[in-house]
Student: 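Have a look at this one.
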Amino acid sequence: MTLALVLFKRECALVLRKPGDALSALFFFVLCATLFALSINPEPQLLRALGPGALWVCALLSSLIVVGELFEGDWRDGTLEQLLLSPLPLPAMVAAKALARWLGSALPLVLVSPLLGLQFELSGSALLLLPLTLALGTLALVFVGSIGAALTLGLRSGSMLLSLLLLPLYIPVLIFGALAVAGAQSGSGFEAELSILAALCLLSVFFAPFASAACLELACE
Amino acid sequence: MTLALVLFKRECALVLRKPGDALSALFFFVLCATLFALSINPEPQLLRALGPGALWVCALLSSLIVVGELFEGDWRDGTLEQLLLSPLPLPAMVAAKALARWLGSALPLVLVSPLLGLQFELSGSALLLLPLTLALGTLALVFVGSIGAALTLGLRSGSMLLSLLLLPLYIPVLIFGALAVAGAQSGSGFEAELSILAALCLLSVFFAPFASAACLELACE
Amino acid sequence: MHPQRKKRLLLVVAALAVIGIASALILNAFRSNLVFFHTPTEVATKQVATDRTLRIGGLVVPGSIERSAGGLQVSFAVSDKVHSVPVRYQGILPDLFNEGKGTVVQGVLGADGVFQASQVLAKHDENYMPPEAADALERAGQTVVQP
Amino acid sequence: MNWDSVSAFLHMGGYGLYVWGSFGVTLLLLALETALLSRRARRVADEIRQQTKAARPPLKPRHTGQD
Amino acid sequence: MKINWFYFSSPPRFYALAGRLSPLFFALALLLTTLGLYLGFFVAPTDFQQGEGYRIIFVHVPVSWMSMFIYLVIAFWSAMGLVMKTRISMVMAQALVPTGALFTFLSLWTGALWGKPMWGAWWVWDARLTSELILLFLYLALMALRAAIDDERRADRACALFALVGVVNVPVIYFSVKWWNTLHQGASVSLTRAPSMASTMLFGMLVMALAAWAYTIATSLKRARTLLLEREGDSEWARRQFAGDAR
Amino acid sequence: MFETIDLGCRKGRRTLFSGLGFSLGAGEVLHLAGSNGCGKTSLLRQIAGFAPLQSGQLRWQGQAVDARSHAWRARLAWCTHQPALKDALSVGENIRTSLRLAGVQLDDAAIRETLAQWQVAEQWSLAARLLSQGQRRRLALASLTLLARPLWLLDEPFNALDDTACRQLWQAIHRHAAAGGRVLFTHHAAVAGVRVLALEDFA
Amino acid sequence: MFETIDLGCRKGRRTLFSGLGFSLGAGEVLHLAGSNGCGKTSLLRQIAGFAPLQSGQLRWQGQAVDARSHAWRARLAWCTHQPALKDALSVGENIRTSLRLAGVQLDDAAIRETLAQWQVAEQWSLAARLLSQGQRRRLALASLTLLARPLWLLDEPFNALDDTACRQLWQAIHRHAAAGGRVLFTHHAAVAGVRVLALEDFA
Ligand code: HEM
Ligand SMILES: Nc1ncnc2c1ncn2[C@@H]1O[C@H](COP(=O)(O)OP(=O)(O)OP(=O)(O)O)[C@@H](O)[C@H]1O
Ligand SMILES: Nc1ncnc2c1ncn2[C@@H]1O[C@H](COP(=O)(O)OP(=O)(O)OP(=O)(O)O)[C@@H](O)[C@H]1O
Ligand SMILES: [Mg+2]
Ligand SMILES: [Mg+2]
């Protein structure tokens with residue numbers, strides 16, 4: 001456990017040392033959402049109909065970018081092999097890395113999202129729900145994404161393959177996330193979607209590290 | 001000139017050898033557009049209002065991804081240094097690489113765009129104009145982007161810096177591109193926008209390689 | 001207990017707990033509404049917002065279909081046997097659309113309480129039988145069950 | 001027998017395009033898969049046959065009788 | 001007598017067995033398809049709601065069932081391959097993927113062609129349709145992953161892991177019509193109650209489903225044979241297969 | 001006693017080695033020799049469990065071991081041409097965390113002392129990306145000696161090192177062996193007084 | 001005659017060398033020696049024009065040259081620990097294009113012959129990513145010898161090479177010198193019969 005903490009701290013140090021890398025996801029999110037908002041007719045009705053879905057799509061794309069480099073650096077500079085030899089169990093290692101990455105890259109995005117929600121004229125409760133669903137959702141996306149990152153490590157055509165692999169796994173999160181926000185927006189309730197989102201998040205945070213660990217062993221061959 | 005051709009061929013060979021890497025931009029484009037269409041209520045009217053802008057934003061984001069790795073590989077494996085020592089003038093080298101990258105990554109995207117246009121219920125002339133503007137636009141984006149890629153080569157926080165640097169340069173292209181398609185869609189004419197787009201494309205294809213070349217020299221230090 | 005064993009046991013317990021919580025959450029979700037379409041009751045009791053596109057599903061009330069002169073404009077009512085919502089629609093109807101049959105309409109609820117549909121879908125049930133059998137059933141007083 | 005004539009059969013009560021579109025594409029794709037598969041099988045067999053020929057040492061009867 | 005379950009996990013024995021079974025099942029598939037088509041078009045009556053349009057059921061339902069079932073089988077072989085480390089399991093898992101993808105595509109295709117006349121839309125984003133589309137993506141991802149990895153062993157294991165991760169989608173597809181209210185109809189055939197379908201119709205559908213089974217078995221065995229040769233082409237047993245006619 | 005029995009390695013259609021067996025007792029040092037591309041790195045990767053064993057087995061004290069198990073990996077120290085340094089972190093941060101991740105708790109003073117022996121203590125707060133090739137190597141080797149793992153697997157450890165550093169490494173190897181450790185290393189030059197395993201004998 | 005006059009290099013607060021000058025006539029070979037981190041690579045990068053000169057100048061046949069000019073770079077062959085291979089391309093494709101990009105037109109037969117001397121001809125159609133460390137090195141050196149550039153700048157070229165390849169490289173260096181070329185290389189071991197420049201004399 002303490003070892004996982006050490007790794008977690010190292011990852012955080014790396015994030016702090018190169019904040020630009022971590023924040024690029026945030027930047028991409030803001031860019032993507034703003035450009036979308038700009039590219040359409042700024043009618044409140046239209047914006048409101050679009051908002052939840054568009055913001056969630058942007059968050060999903062940013063997570064895809066976050067996840068792409070989860071193990072890349074460690075693999076390239078030989079750290080991954082050393083980690084395999086360390087007494088730290090591999091799933092714990094994956095969890096520590098994913099969590100640090102989530103904190104560094106996805107959390108800022110979550111915190112900023114209400115501002116972007118304003119851009120899309122989201123209503124009060126939807127504005128509150130947006131960061132909540134995004135927090136749960138991006139956690140699930142990053143952890144599930146770690147499986148894809150581990151599977152495609154060092155492969156030709158990595159990034160395309162990554163998105164192809166993750167697409168089917170990401171769609172449910174996207175659907176329930178966007179539905180929840182849209183539900184809050186229209187006042188027709190969001191509890192069902194939110195609890196499914198929470199379940200997805202819980203399951204992926206717990207089980208994805210084991211799957212990723214198995215895939216990482218393969219990648220080091 | 002023949003040397004530039006050799007480099008161009010090598011880049012094309014690389015694209016063919018790892019088609020997944022090149023096609024990842026296409027895939028990202030399709031993904032982005034599809035998820036976006038999926039995330040909103042598929043009402044024809046809404047879709048049609050959204051189409052030109054949304055597709056152009058997706059194309060811009062994909063170009064950003066294309067551009068990010070333009071010199072990265074060469075820089076990492078030492079090829080860039082060898083290229084600096086070759087008799088090939090640096091701007092020609094940049095042009096060859098950017099062109100190959102455009103062919104491999106952006107052209108498929110351009111060719112596929114009418115299909116996605118259908119998804120957004122674009123009308124006949126807009127469907128024809130979309131690939132044309134995208135072809136001109138992505139060419140400009142990739143060449144202008146090469147400047148950003150050269151500037152941020154090997155920097156910490158590269159990717160965020162890259163998008164930050166490129167955004168102001170990209171927005172004019174986005175605006176005129178989206179306007180042209182929207183004009184064709186609404187039947188209100190598009191010649192003015194199209195010719196501005198062509199001018200932007202021409203300027204950047206000619207001048208960007210010189211700027212990039214200067215930046216590359218700096219990057220190798 | 002051997003520390004290795006203990007760890008493993010702990011892990012299994014944690015896994016079971018996670019699965020348990022997750023299934024509780026999911027089951028909770030199914031008890032509330034998670035829908036492709038809303039029912040007329042939900043619309044009537046204002047459980048859904050009215051200013052955005054939504055889908056309403058139910059049966060077409062028998063005798064409620066009125067076609068306008070051109071034949072393209074239709075109005076009918078959709079009901080779930082408790083409440084019903086009047087619907088106006090302009091366009092082509094699917095073949096299976098008929099009185100007493102299931103339908104899903106997509107559109108916006110107007111201020112006048114009339115639902116302005118932009119798309120009308122037919123929803124049929126899982127029964128398949130020859131027409132004679134259906135007639136026989138009907139004569140026997142059994143209506144074909146709708147979902 | 002459900003059909004009075006071939007044209008009624010093809011017309012399929014007005015749903016001809018949909019019904020034949022489904023069945024046609026299905027049968028076509030299944031046939032295509034079968035064809036591609038047997039071509040692949042033939043290719044592999046040819047390759048191995050060639051290798052076996054190349055690998056077999058010429059004029060060394062001692063080796064052929066093994067097994 | 002104790003059955004040796006691993007008897008056929010030796011490549012040459014499996015190769016021989018598959019070689020004998022595959023043509024058999026091809027013939028069976030052909031036979032059943034002919035019979036099924038006859039039943040479907042000439043014996044089964046018109047439907048009271050959908051008229052002749054319902055006949056798409058005879059292809060839509062078998063391919064849809066098969067698309068889900070094949071994924072389950074792939075997951076099964078993958079798990080076997082990961083746990084038992086038998087090569088044949090991995091080969092079987094690999095051999096089923098293209099056929100599964102094909103059936104999934106056909107399910108979407110025939111469903112869309114059926115939805116247009118019946119529902120009035122080619123496509124809607126209800127739970128059944130969306131989850132079936134995700135299934136197609138899963139199959140495509142499996143094929144792309146396989147193609148991207150040079151090393152066979154790594155490819156086997158990576159695909160097996162991915163297949164296992166994706167298997168949660170299958171129950172979601174199957175129960176989607178029950179869990180959510182979808183536009184897609186509920187189950188007409190279920191283990192817990194009598195089918196809500198006229199028996200001649202049901203019979204035709206079941207025969208077509210059997211045909212799909214036979215086709216799948218035949219194709220996957222044949223593909224497994226080919227894959228085995230591609231993988232172990234320079235081994236002694238593979239050469240022996242062609243020693244007879246190599247002269 | 002560490003033994004390998006009947007190891008083999010095929011790459012593509014080429015067999016690099018087969019039937020390879022050797023034993024390495026406590027305190028022994030073995031020089032794995034062979035020309036470029038003969039499979040030295042591949043062998044080391046199999047022993048470390050990064051590549052699967054294609055045949056044969058590994059034995060430790062007479063017991064077969066699973067090269068991918070945690071227990072086995074906890075015995076290994078692994079050093080290749082990639083020094084596993086994070087470019088953005090300083091030398092001190094790098095070595096401190098890599099030691100802690102390997103399960104070794106040492107205070108900075110002890111680490112600095114070892115770094116001083118390897119003459120990279122001055123660079124303590126320099127970012128790792130600014131180090132010279134040799135300094136990166138030295139850092140990797142310094143952390144190796146601090147790990148206290150019984151079996152060292154070193155792939156061309158003398159690369160890029162200058163004379164002083166080479167001597168330092170020899171001392172470290174001999175000290176490790178004297179303390180009952182085992183060392184398996186590849187090197188291209190002949191080394192006097194060390195048992196040699198010529199990989200090409202098993203080609 | 002190639003001369004350097006009063007070169008210097010500071011990194012951060014540390015002066016690596018200053019006032020460095022040497023000359024290298026046609027046919028001369030110069031061994032740049034010094035301990036790890038003393039600045040050998042930094043010096044070579046200045047000469048190649050990848051890093052700016054911090055002081056002094058370079059002269060070629062008595063004329064000051066701009067190290068970043070095309071004319072100067074066209075005289076150099078550059079070989080470091082990064083072999084500049086594209087992992088996805090085969091050995092043949094790699095060497096063929098890298099030669100052509102350097103302005104050298106050779107048919108495959110000639111290239112293969114050189115590769116055979118370096119014992120990597122067999123790998124002609126193998127993807128570069130599958131090569132061993134030494135094989136990558138050999139490939140880089142083979143293409144170096146085919147470039148026909150007058151001044152060779154080699155940073156630790158003997159790294160990762162086995163005996164045969166080292167001998168081959170010596171031959172190549174001597175052949176190049178005999179043909180009037182110049183070689184400046186870094187190496188950690190002492191080399192008999194080659195002029196040495198100890199970088200630490202200028203620290
Ligand atoms: C693209 C659209 C469609 C997709 C992806 C789709 C998918 C599926 C799937 C996966 C199944 C098998 C699951 C099960 O057995 O419950 C299925 C079954 C079935 N589908 Fe569809 N379907 C589509 C459209 C339609 C349409 C338009 C109809 C009828 C008008 C239809 C009628 C049926 C029937 C009757 C079954 C058999 C149900 C049973 O007895 O279990 N489907 N479909
Ligand atoms: N797919 C393949 N087909 C044929 N040969 C291959 C393939 N993959 C790798 N090889 C060969 O396998 C060998 C790998 O050798 P390895 O890296 O273990 O060598 P090494 O002994 O460490 O060499 P070095 O001293 O150069 O580091 C190389 O000769 C390489 O060419
Ligand atoms: N910003 C800095 N502050 C202090 N020292 C620095 C800085 N950047 C680099 N250095 C030092 O400069 C030197 C660079 O040396 P260089 O790479 O030229 O060495 P080298 O002689 O090639 O060594 P080696 O034999 O190990 O390859 C290193 O000692 C490094 O620690
Ligand atoms: Mg090696
Ligand atoms: Mg150096």
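Since this is a predicted model, take the numbers as computed values, not measurements. Labels below follow one simple rule: chain letters A, B, ... track the order of the sequence lines, proteins then strands, and each chain is numbered from 1.
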Student: Would you mind reporting whether G/D155 and G/W78 have side-chain heavy atoms less than 4.5 Å apart?
Tutor: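 Of all side-chain heavy-atom pairs linking G/D155 with G/W78, none is under 4.5 Å.
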Student: In terms of heavy-atom proximity below 4.5 Å to chain G, should F/L131 be classed as side chain, backbone, both, or neither?
Tutor: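 Contact with chain G: none, neither part.
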Student: Answer yes or no: is there an ion pair linking F/D162 with F/R137, defined by an N-O contact shorter than 4.0 Å?
Tutor: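 So F/D162 does not pair with F/R137 through a salt bridge.
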Student: Regarding F/R10 and F/Q54, do their side chains bring together a donor and an acceptor under 3.5 Å, going by distance alone?
Tutor: no
Student: For G/Q133, is it the side chain, the backbone, both or neither that has a heavy atom under 4.5 Å from a heavy atom of chain F?
Tutor: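 Interface part for G/Q133: side chain.
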Student: Given G/N36, which partner from the list F/Q119, F/Q135, F/R138, F/R136 fulfils the side-chain hydrogen bond (donor to acceptor under 3.5 Å, both in side chains) test?
Tutor: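 Of the listed options, the one satisfying the test is F/R138.
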Student: Is there side-chain contact between G/L16 and G/L199, with heavy atoms separated by less than 4.5 Å?
Tutor: no
Student: Answer whether the closest heavy-atom distance between the side chains of F/I111 and F/W124 falls below 4.5 Å.
Tutor: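 Yes - at least one pair of side-chain heavy atoms lies under 4.5 Å apart.
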Student: Looking only at heavy atoms and a cut-off of under 4.5 Å, which of G/L130, G/T186, G/D163, G/N159 has the most pairs with chain F?
Tutor: G/N159
Student: Select one option (side chain, backbone, both, neither) describing which atoms of G/H81 are under 4.5 Å from chain F's heavy atoms.
Tutor: side chain
Student: Is chain F contacted by the side chain of G/R14, its backbone, both, or neither, given a heavy-atom distance below 4.5 Å?
Tutor: side chain
Student: Heavy-atom cut-off 4.5 Å, strictly under: side chain, backbone, both or neither for F/Q123 against chain G?
Tutor: side chain
Student: Measuring heavy-atom distances to chain F, does G/A160 have an atom under 4.5 Å in its side chain, in its backbone, in both, or in neither?
Tutor: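 Contact with chain F: backbone and side chain both.
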Student: Let me know if G/L126 has heavy atoms under 4.5 Å from chain F in its side chain, its backbone, both or neither.
Tutor: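 G/L126 has no heavy atom closer than 4.5 Å to chain F.
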Student: So for G/S35, is it side chain, backbone, both, or neither that comes closer than 4.5 Å to the heavy atoms of chain F?
Tutor: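 Both backbone and side chain of G/S35 come within 4.5 Å of chain F.
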Student: Between G/E156 and G/H187, is any pair of side-chain heavy atoms under 4.5 Å apart?
Tutor: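 No, their side chains stay 4.5 Å or more apart.
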